[in-house]
Amino acid sequence: TLDLTCRRTPCFAKFSEMEEMVNMEAEINEVQPLLLPVTVGSTLQFYFIGKKCQILQDMNRHLEAILKEKRDLRKRLLKHRCQESLPIEATYHKCIVELLTEAVTFIEKLESHLQSVRSIPQVPHMMNNMDTTLSKTKVLMIELEELTDQILKWEELQKEVYSN
């Protein structure tokens, strides 16, 4: 009954409110340093996600343009070009025919030319291999000459033996 009859005085009521506010501020101050890296990290993450999204959208627009150009190119290639070609004067017909034959010859030999160009970085290695092979060939020639001399001597010896 004493507790029921006891009324709080306004002074202590204000004190308890102040104490609650101080406790809440302390909790906020405890939690705030923990939230700061999370908010900074999430903010940076959203920033970089936005950048990546922008890059992907740009790439998508670029690929769409390429696909559209590809479709247009296919359509142009399927059309007959006879009516769209420029007329060539009769004096240049011979030159055009010669030019076309040279172009066809060039295209036929293009792969071999490209292969030659691709092999340029390997030339020093190939030269070393050729030098080694040449040295081995010289050694084999010397051995062959020695063998030939031995065979000729043996043949002469055999002739002498049979003649005796």
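Computed from a predicted model, the values in this text were never measured in an experiment.
- To the nearest 0.5 Å, atom CE of residue Met59 and atom NZ of residue Lys52 are 12.5 Å apart.
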Derivation of the side-chain contact (heavy atoms from CB on, under 4.5 Å) call for Gln57 and Gln54: CA-CA 5 Å; Gln57 287 175 346; Gln54 181 66 33; 3.7 Å; yes
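- To the nearest 0.5 Å, atoms CG (Leu157) and CG (Leu152) are separated by 12.0 Å.
- To the nearest 0.5 angstrom, Ile151 atom CD1 is 12.0 Å from Gln158 atom CD.
- Note: Cys95 SG to Leu100 CG = 11.0 Å, rounded to the nearest 0.5 Å.
- For the atom pair CE of Met127 and OG1 of Thr132, the computed distance is 11.0 Å after rounding to the nearest 0.5 Å.
- Distance CD/Glu156 to NZ/Lys153: 9.0 Å, rounded to 0.5 Å.
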Evaluation steps, side-chain contact (heavy atoms from CB on, under 4.5 Å), between His113 and Val117: CA-CA 6 Å; His113 293 311; Val117 169; 5.6 Å; no
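- Checking each of Asn60, Ile66, Asp58 against His62 for a side chain to side chain contact (heavy atoms under 4.5 Å, CB included) leaves exactly one that passes, namely Ile66.
- Under the 4.5 Å side-chain heavy-atom criterion for ILVMFWY residues, no single connected hydrophobic cluster contains both Leu147 and Ile142.
- The two residues Thr133 and Asn129 come nearest to each other via the heavy atoms OG1-O, 2.7 Å.
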